[in-house]
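Below you'll find the structure, written out as structure tokens, and then a few comments.
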There are 2 protein chains.
Amino acid sequence: MTANSKLTIAAHALAWLELARRRGREVLTSEEVAASVNTNAVIVRRSLGDLQRAGLVRARRGNGAGFSLGRSAAEISLLDIWLAVSAEPLLALHRSEPNLECPVGRGIRPVLTDLYDEATNAFRAALARSTVDDVLERILR
Amino acid sequence: MTANSKLTIAAHALAWLELARRRGREVLTSEEVAASVNTNAVIVRRSLGDLQRAGLVRARRGNGAGFSLGRSAAEISLLDIWLAVSAEPLLALHRSEPNLECPVGRGIRPVLTDLYDEATNAFRAALARSTVDDVLERILR
DNA sequence: CTCAAAAGCAACCGTTTCTGTTACGCCGGA
DNA sequence: TCCGGCGTAACAGAAACGGTTGCTTTTGAG
């Protein structure tokens, strides 16, 4: 599996937006964000586009355009970001249906679905405990 | 990210091995396991090969060979399986180093590493709560 | 009204990972 | 010695991701 750095890119962008805001720059362009993350501006626009659809950032177009936070950095958790940028489940069931003539093949899927949900919920709960504000505070400390 | 079904395949194989054992068949070939999982025997051998390296199953070669559980099904947790088949981290940092001239770029990596570790540990702890025996019991109930 | 800056978006590419498949070497009990 | 079955290499197809280019759309500024 290709490990997923989408959360990293998005969290970095939001932390940078918040730091810029504290310094009096309410809006940053995708180029400016990309310079900090060290990636392409299109990658940033794609990522922030996901966040915009979730209401976490605002995008202004036209001349003098750019991105700004959609709500307070203390009200954006890592879980919010994760849900906005990564719809993929952490664990997948069988790619092709198991053999239904075998008791295990017949009954395993709902069981694993339940257990995978529990693990995923634990993962999400941990992400929900930190916000963009927390991340930035730990960076600056 | 391509969702990972390795845990599913391995857990299915182990549950099937345990059910067969209860029915008096201590050893199953990769073909027999593959028939239940509905995949190729090589996939099963690769998966059970990982589990063997972790001590979760035993593989016998030669005539009349096959796989059997390495220890009691109640002593094999989903976490054990996960660790054996999937060394990949759930979340990755930046692919290329962020801009170190930016305060965020300079400080974000250890912060995210910590937070990702917490989320991953929560995920693992949830997987540790269920065993192959639990899975099989829930299937048969 | 025009211009230009910047987001939005589509089409690629290269890389990686996963599943699947074939083929073959090697082991070991009968 | 035979031969069933594991171990493993090689390869193919699909999917996802990061990256890149180029074009369209929006919109404030002059």
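All heavy atoms count here, side chains included; hydrogens, waters and symmetry mates do not. Residue numbers start from 1 in every chain, and the chains themselves are labelled A, B, ... in the order their sequence lines are given, proteins ahead of strands.
Of the candidate nucleotides C:dA7, C:dG20, C:dC18, C:dC18 has the atom nearest to the side chain of B:K6. Looking at the side chain of B:T29, the nearest of the listed nucleotides D:dG5, D:dG7, C:dT19 is D:dG5.
Here the side chains of B:L90 and A:F123 are in contact, with some heavy-atom distance below 4.5 Å. Contact of the A:T8 side chain with the B:Y116 side chain is registered, since non-hydrogen atoms from C-beta on lie closer than 4.5 Å.
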Exercise for review: Give the intermediate values and the outcome of side chain to side chain donor-acceptor pair (under 3.5 Å) for residues B:D117 and B:T120.
Suggested key: CA-CA 5 Å; B:D117 281 350; B:T120 301; 5.4 Å; no

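The CG atom of A:N40 sits 15 Å away from the P atom of C:dA6 (whole-angstrom rounding). Remark: C1' of D:dG5 and CD of B:E32 are 11 Å apart, rounded to the nearest angstrom. Spacing between atom CG of A:D50 and atom P of C:dC9 amounts to 11 Å, rounded to whole angstrom units. Rounding to whole angstrom units, CD of residue B:E31 and C1' of D:dC6 are separated by 11 Å. Going from atom CD of A:E88 over to atom P of D:dA15 covers 12 Å, rounded to whole Å. Nucleotide C:dT19 holds its C1' atom 16 Å from the CG atom of B:L7, rounded to whole Å. Straight-line distance from the CZ atom of A:R58 to the P atom of C:dA7: 15 Å, rounded to whole Å. Atom CG of B:N38 and atom P of C:dT19 are 14 Å apart (whole Å).
Between B:Q52 and D:dC6 there is no side-chain polar atom (N or O) within less than 4.0 angstrom of OP1 or OP2. At C:dT19, one or more side-chain N or O atoms of B:S5 fall inside 4.0 Å of OP1 or OP2 (strictly under the cut-off). Within the structure, a side-chain polar atom (N or O) of B:T39 is placed less than 4.0 Å from OP1 or OP2 of C:dG20.
B:S5 and A:R95 form no side-chain donor-acceptor contact under 3.5 Å, judged by distance and modelled atom types alone.
Between the side chain of B:D133 and the backbone N or O of B:A73 there is no donor-acceptor pair closer than 3.5 Å. Using a distance-only test at 3.5 Å, with no hydrogens or angles considered, a donor-acceptor pair links the side chain of B:D134 to the main chain of B:T131.
Heavy-atom nearest nucleotides on DNA chain D were determined for A:I43 and for B:A65, and the one closer to the 5' end corresponds to B:A65. If A:G49 and A:R46 are placed on DNA chain C by their nearest nucleotide, the residue sitting closer to the 5' end is A:G49.
Around CZ of A:R60, the count of heavy atoms belonging to other residues, nucleotides or ligands within 6.0 Å does not exceed 12. Around the CZ atom of A:R21, the shell of radius 6.0 Å holds more than 12 heavy atoms that belong to other residues, nucleotides or ligands.
Remark: B:L14 CG to B:I81 CD1 distance equals 4.5 Å, nearest 0.5 Å.
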Check your understanding: Can you give the dot-bracket line for DNA chain C, where a pair is Watson-Crick or G-U wobble with both atom distances under 3.5 Å, crossing pairs use [ ], and | marks a partner on another strand?
Key -> ||||||||||||||||||||||||||||||

Review point. Could you write nucleotides 22-30 of chain D as a row of B, S and -, 5' to 3', where a protein heavy atom under 4.0 Å of any base atom gives B, of only sugar-phosphate atoms gives S, and otherwise -?
Key: ---BBBB--

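A salt bridge does not link A:D50 with A:K6: none of the charged nitrogens is closer than 4.0 Å to a carboxylate oxygen.
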